[in-house]
Amino acid sequence: MTYGIIERLYGWFYHGSYKFEIKRTYNEKKVNTEKIKKEYISVIHRAKDIGHSRLLSAYCMAAYFIALNNATTFTPEENYEILKNGLYANKLFHIAMGNVNSYLNPQKMKKRKEWEKQSHLRKYENDWIVDVLGKTEEFELGYNYYQCGICKLCEDENCFELAKYLCQLDFVMADMMGMELIRTQTIAEGAQYCDFRYSKK
């Protein structure tokens, strides 16, 4: 995968959030942040290309989380908490995520169904494959992911066990946007697909 402008931008964003939390809660001198940056670039170069995926940001987040665990002495649990808290404190992250009304806007369904159709063409080996589910009596918006780019990248990097930590961020991001997420299974935990069901709080 090419380390281009977008991959560089996402790396800068995640790294800035992580560094902020390190400064706030730890002795930053114990963390070689330059080593983390270099490792992120290495993971990106090793990663299989997923084109202009709608979930490229999540793919880069996985690359960054893998880099954290390769380049620091923290446990995966500790790295997850540091990254999670750093993102939660990042005002730009809140703006980028948007809110419940924007995310659940029914006018976005057309493009989401186009994304669904394209995903099933399996153009890129590591990209997500998804069915998008419209509003029902039980939820506002649903996704069934039959392939997860985060799991694929972690598998390629021989650290599949790290994927489950990033799954937890889905609940954090839903909460930030004012949504409730119900999910009963994930690929990271051995299921055939991940079932996301979003509703307004």
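Treat the numbers as computed from the prediction; the structure is a model and nothing was measured.
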Closer than 3.5 angstrom, by distance alone: can the side chain of [X] be matched with the main-chain N or O of [Y] as a donor-acceptor pair?
{"X": "Lys108", "Y": "Ser102", "answer": "yes"}
{"X": "Gln147", "Y": "Asp127", "answer": "yes"}
{"X": "Glu7", "Y": "Ile41", "answer": "no"}

Looking at [atom1] of [X] and [atom2] of [Y], how far apart are the two atoms once the value is rounded to the nearest 0.5 Å?
{"X": "Leu83", "Y": "Tyr64", "atom1": "CG", "atom2": "OH", "result": "7.0 Å"}
{"X": "Thr25", "Y": "Glu78", "atom1": "OG1", "atom2": "CD", "result": "10.0 Å"}
{"X": "Asp156", "Y": "Cys151", "atom1": "CG", "atom2": "SG", "result": "11.0 Å"}
{"X": "Ile95", "Y": "Met97", "atom1": "CD1", "atom2": "CE", "result": "12.5 Å"}
{"X": "Asp131", "Y": "Ser119", "atom1": "CG", "atom2": "OG", "result": "7.0 Å"}
{"X": "Lys113", "Y": "Lys110", "atom1": "NZ", "atom2": "NZ", "result": "14.0 Å"}

Do Glu77 and Tyr165 have side-chain N/O donor and acceptor atoms under 3.5 Å apart?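 On atom types as modelled, these side chains qualify, holding a pair under 3.5 Å.
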
Examine the side chains of Asn79 and Tyr18 and answer whether a donor and an acceptor come within less than 3.5 Å of each other. yes

Heavy atoms only: give me the nearest [X]-[Y] pair and the separation to one decimal.
{"X": "Ile36", "Y": "Ala67", "value": "O-CB, 3.9 Å"}
{"X": "Arg183", "Y": "Asp170", "value": "NH1-OD2, 2.7 Å"}
{"X": "Leu153", "Y": "Ala63", "value": "CD2-N, 3.7 Å"}
{"X": "Thr2", "Y": "Ile44", "value": "O-CG2, 3.9 Å"}
{"X": "Pro76", "Y": "Asn69", "value": "CA-OD1, 3.2 Å"}
{"X": "Ala58", "Y": "Tyr14", "value": "N-OH, 4.4 Å"}

Angle class for the Phe13/Phe93 ring planes (parallel below 30°, perpendicular above 60°, tilted otherwise)? tilted

What orientation do Tyr146 and His120 show, parallel under 30°, tilted 30 to 60°, or perpendicular over 60°?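 Geometry flag for His120 against Tyr146: tilted rings.
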
Hey, are the side chains of Leu87 and Met176 touching, using non-hydrogen atoms and a 4.5 Å cut-off?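 No - every pair of side-chain heavy atoms lies 4.5 Å or more apart.
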
Is there a side-chain contact between Phe65 and Tyr80 in this structure, where contact means two heavy atoms from C-beta onward sitting under 4.5 Å apart? yes

Pair [X] + [Y], salt bridge at N-O below 4.0 Å:
{"X": "Arg46", "Y": "Glu157", "result": "yes"}
{"X": "Asp175", "Y": "Lys201", "result": "yes"}
{"X": "Lys117", "Y": "Glu114", "result": "no"}

Begin from the C-alpha positions of Thr72 and Lys35 and carry the test side-chain hydrogen bond (donor to acceptor under 3.5 Å, both in side chains) through to its verdict. CA-CA 8 Å; Thr72 72; Lys35 184 178 179 181; over 6 Å; no

Looking at Tyr124, does the NZ or CZ of Arg54 lie under 6.0 angstrom from its six-membered ring centre and within 45 degrees of the ring axis?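 Checked: cation-pi criterion not met.
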
